[in-house]
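Reminder, nothing fancy here: chain letters follow the sequence lines and each chain counts from 1. Keep in mind that the numbers below use all heavy atoms, side chains included, and drop hydrogens, waters and symmetry copies.
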There are 2 protein chains.
Amino acid sequence: MLKQKVDQLELKAKLFRGFGDVTRLSILEAILEEEKTVTEISEELDHSQSNISNHLSCLSECGLVKTRREGKNRFYSLGDRRVAKLLKQSDDILTDIAEGIYSCVNYKK
Amino acid sequence: MLKQKVDQLELKAKLFRGFGDVTRLSILEAILEEEKTVTEISEELDHSQSNISNHLSCLSECGLVKTRREGKNRFYSLGDRRVAKLLKQSDDILTDIAEGIYSCVNYKK
DNA sequence: AGAACATATCATTAATTGATGATATGTTAA
DNA sequence: TTAACATATCATCAATTAATGATATGTTCT
């Protein structure tokens with residue numbers, strides 16, 4: 001395979017791994033409608049501040065969320081409306097193949 | 001969060017992790033147009049037979065690919081046209097946010 | 001039945017990733 | 001400037017995942 005092609009695939013894999021974690025998906029859902037601060041998100045999801053912050057910086061670096069500072073706070077929101085769209089479409093697929101995924105043994109959770 | 005909601009998110013995370021690996025993405029691309037055998041795929045991608053077979057059984061369990069037997073061979077193809085669609089859409093997103101993902105440090109590859 | 005081929009499975013190891021707690025940085029208000 | 005708050009970063013540890021080699025299963029052909 002061409003190196004360029006491999007690079008492209010690695011990018012794509014990274015993109016999907018951004019979505020491939022329950023905590024990150026929860027974060028994305030939490031800010032789907034409205035921007036929120038780190039503290040709000042970590043309280044809502046009941047995870048530690050540092051955990052959420054780490055995931056957010058991951059999502060942020062990858063362009064999946066954007067942030068804006070206001071006073072002491074940092075508000076996070078979706079970086080691109082297509083992120084929401086992609087999430088939505090995965091729902092549709094899930095509806096049909098949920099059973100299979102549920103029983104998929106290759107990933108614990 | 002509701003337990004049901006969490007389950008839903010775990011399914012979704014699993015789905016995305018199915019796509020979140022270069023080898024699996026390569027496999028999906030390799031069979032995007034036409035069904036192929038395990039041997040064909042492993043030669044094309046230059047990975048061991050067992051590695052490809054393992055990934056295929058993962059993809060298969062999750063309903064992302066389907067298989068049909070013909071003699072000694074097993075032909076694999078995409079399990080759902082929406083899988084292709086999802087891959088296609090990730091391309092569009094990537095076009096815009098590739099820079100960010102490229103420099104994203106949270107995943108090695 | 002036995003040989004050759006195609007694929008699947010399994011155990012082990014190596015690499016990657018997520019969570020946590022401690023600490024650092026930056027901001028506001030007294 | 002100091003205290004209080006909000007967020008980020010870092011090191012460490014635990015858990016998860018991918019790759020490999022060896023072996024097992026299943027199929028075809030002679």
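Here C/dT25 presents its P atom at 16 Å from CZ of A/R74, a figure rounded to the nearest Å. Whole-Å rounding puts the A/I52 CD1 to C/dG21 C1' distance at 16 Å. The distance between atom CZ of B/R17 and atom C1' of D/dT17, rounded to the nearest whole Å, is 9 Å. Counting to the nearest Å, the P atom of C/dC5 and the CD atom of B/E70 are 19 Å from each other. In this structure, CD of A/E61 is placed 12 Å from C1' of D/dT9, rounded to the nearest angstrom. Separating the CG atom of A/L56 from the C1' atom of C/dG18 is a distance of 14 Å, rounded to the nearest angstrom. Between the CZ atom of A/R69 and the C1' atom of C/dG26 there is a distance of 6 Å, rounded to whole Å.
No option in A/R74, A/R68, A/K66 other than A/R68 meets the side-chain hydrogen bond (donor to acceptor under 3.5 Å, both in side chains) test with A/E35.
At C/dT17, none of the side-chain N or O atoms of A/H55 fall inside 4.0 Å of OP1 or OP2 (strictly under the cut-off). Here B/N73 reaches the OP1 or OP2 of C/dT7: one of its side-chain N or O atoms lies under 4.0 Å away. Between B/Y107 and D/dA18, a side-chain N or O to OP1/OP2 separation shorter than 4.0 Å is absent. Of the side-chain N and O atoms in A/Y76, one or more sit less than 4.0 angstrom from OP1 or OP2 of D/dA8.
Residues A/S42 and A/S48 come closest through the heavy atom pair CB-O, 4.0 Å. Between B/S90 and A/F16, the shortest heavy-atom contact is CB-CZ, 3.5 Å. Smallest separation of non-hydrogen atoms from B/Y107 and A/K14: O-CE, 3.3 Å. Scanning both residues, A/L25 and B/A13, for their nearest heavy atoms gives CD1-N, 3.3 Å.
Looking at B/Q49, its side chain has no donor and acceptor atom pair within 3.5 Å of the base of C/dA6.
Nucleic acid contact class of B/F75 (heavy atoms, under 4.0 Å, all strands): none.
Residue-to-nucleotide proximity on DNA chain D shows that, of A/K72 and A/N51, the 5′-proximal contact is made by A/K72. Toward the 5' end of DNA chain C, the nearer of the two residues B/N106 and B/S57, judged by each one's closest nucleotide, is B/S57.
Taking a 4.0 Å limit (strictly below) on heavy-atom distances, residues 20-47 of chain A reaches DNA chain D at A/T37, A/V38, A/T39.
Distance from the side chain of A/N54 is smallest to D/dT9 among D/dT9, C/dA6, D/dT20. Side chain of A/S50, nearest nucleotide from D/dA22, C/dG26, C/dG21: C/dG21.
A heavy-atom distance below 4.5 Å is not found between the side chains of B/L45 and B/N51. The shortest distance between side-chain heavy atoms of B/L87 and A/K12 falls below 4.5 Å.
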